[in-house]
Amino acid sequence: MLERVRAVRRPELLVGALLAAAVALIPAVYLVVRVAEAGLPRILAEVTTPRVAAMAGRTLALVGLVWLGSTIFGVTAALLTTRTDAPGRRVFGVLLALPLAVPSYVAAYTWAAVADLWEPSGRFDGFWAAVLVLTLYSYPYVYLTVASALAGQDQGPAEVARSLGEGEWGVLRRVTLPGVLPAMASGGLLVALYTLSDFGAVSILRVDTFTRAVFTAFSVGFDRTGAVALASVLAVFALAIIVVERLARGAEKRYARVGSGGPRRPRPLGLGWGRLPAAAFLGLVAAVALGVPLASLLRWFLAGVSRPGSIGEVVAAMGASLGVSLLGAVLTVALAIPLGLYAARVRTPLALGLERLVFVTHSLPGVIIGLSLVFFGINVAYALYQSVWLLALAYVTLFLPLASAAVANAARQAPPSLEEAAESLGLTPFAALLRVTLPVMLPGIGAGAALVFLTAMKELPATLLLRPTGMDTLATRLWTYTSVEAYAAAAPYAAILIALAAVPTWFLATGSGAFGRDDS
Amino acid sequence: MPLPTPRLLTGAALALVLTTVAACSSPTATPGTAASDASVTLYSGRNETLVQPALDAFTEATGIAVEVRYGGTAELAAQLLEEGDRTRAHVFLAQDAGALGAVAKAGQFATLPEATLDLVDDAWSDPDGRWVGVTGRSRVLAYNGSMVSGDALPASVFELTGPEWKGKVGVAPTNASFQSFITAMRVQHGDEKTRDFLEGLAANEPQLREKNGVIVSDIEAGAYPVGLVNHYYLWEAAAEKGVPADQLATKLHFFSDGDTGALINVSGIGLLANQPDADGQALVDYLMSTAGQEYFATKTFEYPLVSGVATAPGLTPLDQLDAPDINLSDLDELEATITMIKEAGLL
């Protein structure tokens, strides 16, 4: 059942974890170097202004609201699709994960474009528009992690609670939900940090957040110092959020099942008359989240005369997107495995701190990540500069938290007693890891790889800065055409991007086993 | 089947990594040592759809291949500054003079030959000869012809802070062209008057947008009647709709009498220092030649800066515009402008 794991030293994991952290922290090193160059007084002068204070308030409010909305909707949707008898829940279950495949800049563009259907001079922008768009397209982080956790949850405690007289709702409140708290927290953390870093939606919807201010600082007067100062504040916010999440979660408990016996299906919660409204609600959200972008893309394609250059151009972009995203996913997961395992097996503060520290980079805007890797490429690894390897490294720094969260969750659910049993049979700890633990963790690792792959496909600012000269991905082609208002030419690229990203998303949704089981 | 031993795995992984890193090392373009290779690397802040055809024509004419890195002008300038003298770029084509100024200030440009600089007016190039303007871009007031009649249009850009224009003016303060315009106003009229204009504009419920192109489509759709943009966006909007520019409801109003609203900015080009061969200069020469300038005049509807090249039909020629008499290198001091725009609440 629930037990505390004893601390065990694992030097080979530590080396791997440190390497992963070193890569992920390249942007942080860049910020420190540039801050030192500019001098702390100058940096402080840049950030201690009323405008920055207002921006801080706005940014934190945005993060808080998006986190709240994503958590509430994500958990509700996960419960409705995995633990109730709502009709169509398996179909909705998968559909509700798909908004993750839509890049935030496409979502914002397409939502802003439908405003004129409402009224001719209608505008869809501002703070609340950004809250809506960011919530609608990042809730899947919470939704998928919680749904997967609900699917894998041990039913023992629930049955004990029922035998002690708790009704279904009581079991939900007192056993089920607390059991998925780690998943909620890790999904919520990803949402919060992603919202901090998002540039696409806030720039199109015109919300003055830190990320937008960083970009504006670059484009107006090439003010690297201003941009670096603001990005440093973002990093500080991220650290604060990480610390808060850690404190709120309290002590680490492991939620793996160690007892014998087959997995028992959770008993679905009867909704009674609420079945149809629940299904309608889920269906509406899925329809809106997926329908608005697709409708706008279609409108643009039909209304404008521009078209992509050639089939060859489209195919080349597809190939490049798939290639670099795959490379990025493989590299990221390779580094995430030692990091996640180290955090899950070795319970020292160093281990847990290391795992969380890499999340800081996740909150930095893509343009900073890109420039930090230009800096790294120029000064340290010139041979790699402007090659796909440096771009893949950028993806590692950006997406390591996604992979390490998935790996760590999987490691937590793989009982260390299996490893101990293997060691008692003569295997070295490393061999036990390879031959026993890793195969058990494979679904979680696969989920991490899928998540990194689909997120890398959507990435734009770092890709623009670091791609090999002459290489275009679907995202950069999209950017090329939207920059000159050639929306009709951009629409096919957006559609293909969403379709390709939907494939790993679909696997994430069905692979978790949350939606594929027969009812019992 | 038993898994390979850990040692074997580690060894294999290491070998794989080393091989791929070695294989992927591209030949370094260390400045000054590469032989002429009929290839030039261009960093272009100008969009691919607008510029690639001209580059293809250059390759056909000279046999020199162009490897282009497209990006935003500001990001590319930041990248060049970050790369320093280890940059792989040979030429930088920028959408505005500010970016060129920033790179020039860092000492990364080579001085252009007199022959190149003499092709254009002194007003259109760097006084120290480090970059030269390629095309001209005029600030205009775009207006919806069915919402506003010609005689109701303001004679001066300063009139836009008046009550009759409340909520009716589109501006894009994050755009480099707007910032150049405000800097020009500071140079022409002083900081006090500029600050008054910005505050008046901010208080007049301006329609703020991120991009000039969005302002033009809004005006075309009738969302609001006027907007401060660059002239060529009209043709960009027309191209997307598939109609000639004169069939749009949107028209262009050029300010006159040296009003700041008539400012002409330039897109320009510079050669990075330590050119390995003459290919970079060849590219500059082509874009400044009649063929190159005609391309920009007829395809992107910008103003050719080299004399003797005709402007697109339907566009008021450069010498008939009453632009303010401002040296573009004076528009380098952007920092104070940005602070002013921020303080007015527009940014």
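Owing to the predicted nature of the structure, the values given are computational and were not obtained by experimental measurement. Every chain is numbered from 1, with letters handed out A, B, ... down the list of sequences.
Looking at V367(A), the atoms closer than 4.5 Å to chain B (heavy atoms on both sides) all sit in the side chain, from C-beta outward. Heavy atoms of V214(B) lying under 4.5 Å from chain A belong to its backbone as well as its side chain. Heavy-atom distances place no part of N212(B) under 4.5 Å from chain A, backbone and side chain included. If you measure heavy-atom distances from P468(A) to chain B, the contacts under 4.5 Å come from the backbone alone. In this structure, chain A has no heavy atom under 4.5 Å from any part of I341(B). If you measure heavy-atom distances from L390(A) to chain B, you find no contacts under 4.5 Å at all. Looking at R307(A), there are no atoms closer than 4.5 Å to chain B (heavy atoms on both sides), in backbone or side chain. No part of A237(B) comes within reach of chain A, as not one of its non-hydrogen atoms sits under 4.5 angstrom from that chain. With a threshold of 4.5 angstrom between heavy atoms, R212(A) approaches chain B through side-chain atoms but not through N, CA, C or O. Heavy atoms of K211(B) lying under 4.5 Å from chain A belong exclusively to its side chain.
One side chain, Q52(B) or D56(B), offers a donor N or O that lies under 3.5 Å from an acceptor on the other.
Using a 4.0 Å cut-off between a side-chain N of Lys or Arg and a carboxylate O of Asp or Glu, D125(A) and R206(A) do not qualify as a salt bridge. A salt bridge links D208(A) and R51(A); the closest N-O separation between the charged side-chain nitrogens and carboxylate oxygens is under 4.0 Å. In this structure, R86(B) does not pair ionically with E83(B), as no charged nitrogen and carboxylate oxygen lie closer than 4.0 Å.
For N379(A), there are no side chain to side chain donor-acceptor pair (under 3.5 Å) partners two or more places apart in sequence or in a different chain. For Y43(B), there are no ring pair (Phe, Tyr, Trp, His ring centres under 6.0 Å) partners, not counting sequence neighbours.
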Report the C-alpha separation of D96(B) and R137(B) in whole Å, then their side-chain angles, then the decisive distance to 0.1 Å, and conclude whether the salt bridge (charged side-chain N to carboxylate O under 4.0 Å, His left out) test is met. CA-CA 9 Å; D96(B) 60 75; R137(B) 306 137 80 79; over 6 Å; no
Pair Y481(A)-E240(B), side-chain hydrogen bond (donor to acceptor under 3.5 Å, both in side chains): steps then yes or no: CA-CA 11 Å; Y481(A) 288 116; E240(B) 182 61 6; over 6 Å; no
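Ranked by heavy-atom pairs under 4.5 Å with chain A, the list Q79(B), E67(B), K241(B) is led by Q79(B). Among A486(A), A489(A), G470(A), the residue making the largest number of heavy-atom pairs under 4.5 Å with chain B is A486(A).
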